[in-house]
A.B. asks: 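Handing you this structure, nothing more for now.
Every value quoted in this text rests on a predicted model; they were computed, and no experiment measured them.
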Amino acid sequence: MTKTKTDTDPWNDGHRLVTHSAVGAVAAGVVVTAVLSPWLPTGWGQPWVYGLAYGWGCLVHILWDCCTVQGCPLYWPLRIRGKRWY
């Protein structure tokens with residue numbers, strides 16, 4: 001889904017798809033916020049703080065994965081010089 005014809009990478013095993021993009025990190029934070037909203041007691045703070053922390057953790061994980069040979073489609077669905085993987 002995130003790979004184009006110009007993205008030829010023999011190292012890609014299909015692990016880093018939409019979940020390894022900025023869109024995936026934001027979506028994960030939103031899901032965590034939505035799931036925790038009805039379950040958190042009133043005195044535990046705002047659920048969006050937990051979603052923000054989870055989304056930030058996902059983004060940091062993705063940035064470290066970008067440092068490997070396999071790369072990540074960080075800016076998916078945008079293309080940079082015809083490629084989505086760097």
A.B. asks: Which atoms form the tightest heavy-atom contact between Gln46 and Tyr50, and what is the distance?
C.D. replies: O-CD1, 3.6 Å
A.B. asks: Under the side-chain contact (heavy atoms from CB on, under 4.5 Å) test, which residues partner Val60, sequence neighbours left out?
C.D. replies: Trp56, Trp64
A.B. asks: Which other residues belong to the hydrophobic cluster containing Trp39, where Ile, Leu, Val, Met, Phe, Trp and Tyr are joined when side-chain heavy atoms lie under 4.5 Å apart, directly or via other members?
C.D. replies: none
A.B. asks: Test of understanding: with side-chain contact (heavy atoms from CB on, under 4.5 Å), list the residues that count as partners of Ile62, not counting sequence neighbours.
C.D. replies: His20, Ala25, Cys66, Cys72, Leu74
A.B. asks: Which pair of non-hydrogen atoms, one from Tyr54 and one from Gly29, has the smallest distance, and what is that distance?
C.D. replies: CD2-N, 4.5 Å
A.B. asks: According to a 4.5 Å side-chain heavy-atom criterion applied to Ile, Leu, Val, Met, Phe, Trp and Tyr, with indirect links allowed, do Val35 and Val32 form part of one hydrophobic cluster?
C.D. replies: no
A.B. asks: From Cys58 SG over to Leu63 CG, what is the distance, rounded to the nearest 0.5 angstrom?
C.D. replies: 11.0 Å
